Amino acid sequence: MPDGPIDYLAEFERTAAEFAAVLDQADPASEVPACPGWTLADLALHVGSGQRWAASILLSGTSQRVPEVLRTTISWSDWYAGTTAALAAAIRAVDPDEPCWNFAPVAQYAGFWSRRRMHETAIHLVDAVQAGVAPDGQAASGLAVVPAALAADGVDEVFGVFLPRMLARRVAPAVTRRIGVRATDTGDEWTLTPVSEGDPPQVERGAAAGEAVVSGTAAELDLCLWKRLPGSVLTVEGDQAVASAFLAGRATP
C-alpha cells in the first residue's frame, strides 16, 4: 500500500480523463474482449450510467436505481466527460465521513464511493485499452494504465469489499484454503484464511503465507482478480492446486 493516503478523487478524475480520451480516439463499435458481447459504446454507457448512479447515491445518502440513459447526439467521450464532472461534483459536495449507503457489507460512509469509482474506472480503462491495438500491432494488456500504488489498493479493495460482497450474493467462496498474495513491486502482502462457512476470510496484511503464495506486480494481481489477465502471468510457490482454485474462483463480479 502507498506510504500516504491516496487522493481518490484526483485519481478518479485522471483515470476518467484517460478513459474519455480512448473513447474520443477509438471506434465505438470495437468489441471489448473482457466483456463478451459488448462494444466500446456499451462500455461507455455502463461506466457513465454508473457514475450518474453513484452521484445520486452520494447526494441522497440512500440506495438509488441505476438510471435508464437516453444519450443524445453528442459524442460518447463528451457524454462520458459530463458524467465524470457530475460525479466529481457530488464527491466534493459530501463529506467522506457522512453516512451513505453502499452495496457491500462494509461501513456505510460516503468515502466508499470515491475509492470504488476510481477502481471501477481503472478496470474499465483496461477494458477499453484491451479493445484497441498497441503500436506494435499486438493487443495491449492494459497493465501500463494502472499505477502500482493504485493497483495494490485495488487488490486490498477486492479482499476487503468484494470477497464479503460475493459471499453475501451466495457465490461460492473464492478462498477455501489458506493462501498468500504478494505484490513484488510495491512490497504489499496479504494472507487470506478461511473461517466459518458463509463468512468472509480473515485478511492479514504484512506477510504472505499459506499452502500457496501467488506473486506478481500489483497491477498483474489486480487484473487477475478482476479476470482481465490469466492467472498464468503470476508466480506460484507451494501447492499449485490451491493457487489454481483461488485464481479460478469468483472474488469479483
Side-chain angles (χ1 to χ4, degrees), residues 1 8 32-38 43 46-47 49-50 53-54 57 63-66 100-109 111-124 126-127 142 146 150-183 188-205 208 210-214 216 218-234 236 239 241-253:
M1 303 294 290
Y8 291 117
V32 181
C35 306
W38 279 20
L43 186 66
H46 169 75
V47 183
S49 62
W53 175 62
I57 291 167
S63 175
Q64 300 291 317
R65 294 177 59 185
V66 177
C100 181
W101 178 87
N102 69 61
F103 56 74
V106 297
Q108 304 282 298
Y109 293 101
F112 171 93
W113 287 103
S114 56
R115 185 193 196 197
R116 172 80 291 272
R117 294 309 302 183
M118 185 274 287
H119 287 304
E120 177 84 0
T121 306
I123 292 298
H124 288 311
V126 170
D127 293 339
V146 188
L150 301 189
D153 188 72
V155 173
D156 200 67
E157 187 202 39
V158 169
F159 295 160
V161 174
F162 282 96
L163 287 179
R165 184 192 183 205
M166 298 303 282
L167 287 173
R169 295 173 67 178
R170 300 187 183 280
V171 174
V175 180
T176 57
R177 309 277 285 273
R178 191 166 186 252
I179 190 163
V181 178
R182 178 181 298 122
D188 294 290
E189 300 188 25
W190 301 261
T191 295
L192 310 177
T193 305
V195 288
S196 56
E197 184 176 352
D199 290 332
Q202 178 184 351
V203 180
E204 299 173 84
R205 298 170 180 84
E211 296 179 61
V213 174
V214 295
E220 287 172 339
L221 292 169
D222 195 21
L223 298 193
C224 284
L225 289 169
W226 282 97
K227 301 296 191 279
R228 265 54 182 191
L229 285 179
S232 58
V233 304
L234 303 177
V236 176
D239 193 319
V242 170
S244 295
F246 168 68
L247 294 171
R250 289 185 60 191
T252 57

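Small disclaimer: the values here were computed from a predicted structure and weren't measured. All heavy atoms count here, side chains included; hydrogens, waters and symmetry mates do not.
Proximity of a side-chain donor or acceptor of W190 to a complementary backbone N or O of I179 within less than 3.5 Å is not detected. Checked by atom type and distance alone, the side chain of K227 never pairs as donor or acceptor with a backbone atom of T252 at under 3.5 Å. Between the side chain of W53 and the backbone N or O of Q64 there is at least one donor-acceptor pair closer than 3.5 Å.
Residues that satisfy the side-chain contact (heavy atoms from CB on, under 4.5 Å) test with V106, not counting sequence neighbours, are N102, A104, F112, V161. Contacts of H124 classified as ring pair (Phe, Tyr, Trp, His ring centres under 6.0 Å), with partners at least two apart in sequence or in another chain: H46. Judged as a side-chain hydrogen bond (donor to acceptor under 3.5 Å, both in side chains), and not counting sequence neighbours, E204 has no contacts. Legend: residues meeting side-chain contact (heavy atoms from CB on, under 4.5 Å) with V236, ordered by chain and number and at least two apart, are V214, Q240, A243. For C224, the side-chain contact (heavy atoms from CB on, under 4.5 Å) partners at least two apart in sequence or on another chain are L229, V233, L234. R169 pairs by the side-chain contact (heavy atoms from CB on, under 4.5 Å) definition with R165, M166, V171, P253, not counting sequence neighbours. Taking the side-chain hydrogen bond (donor to acceptor under 3.5 Å, both in side chains) definition, one finds that D199 meets it with S196, sequence neighbours left out. Listed by chain and number, the residues in a side-chain hydrogen bond (donor to acceptor under 3.5 Å, both in side chains) with R117 amount to none (sequence neighbours excluded). By the side-chain hydrogen bond (donor to acceptor under 3.5 Å, both in side chains) test, T176 is found to be paired with no residue, residues two or more places apart in sequence or in another chain being considered.
A heavy-atom distance below 4.5 Å is found between the side chains of V175 and P194. Inter-residue side-chain proximity for S63 and W101 is flagged as met; some heavy-atom pair is nearer than 4.5 Å. Taking the side chain as every heavy atom from C-beta outward, V126 and D222 never approach each other to under 4.5 Å.
Look at D239 and R178 and you find no salt bridge, because none of the NZ, NE, NH1 or NH2 atoms lies under 4.0 Å from a carboxylate O. Salt-bridge annotation for E189 and R182: present, with a side-chain N of the basic residue lying under 4.0 Å from a carboxylate O of the acidic one. For the pair E157 and R116, the salt-bridge criterion is met [side-chain N within less than 4.0 Å of a carboxylate O].
Rounding to the nearest 0.5 Å gives a distance of 4.0 Å between CG of D127 and CZ of R228. Between atom CZ of residue R250 and atom CG of residue L167 there is a gap of 11.5 Å, rounded to the nearest 0.5 Å. Atom CG in D156 sits 12.0 Å away from atom CG in L221 (nearest 0.5 Å).
Listed here is the closest heavy atom pair of V155 and A218: CG2-O, 4.0 Å.
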(request) Start with the C-alpha distance between L225 and V181, add both sets of side-chain angles, then the distance that settles side chain to side chain contact (heavy atoms under 4.5 Å, CB included), and finish with yes or no. (result) CA-CA 11 Å; L225 289 169; V181 178; 5.9 Å; no

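H119 and D153 share a side-chain donor-acceptor pair at under 3.5 Å.
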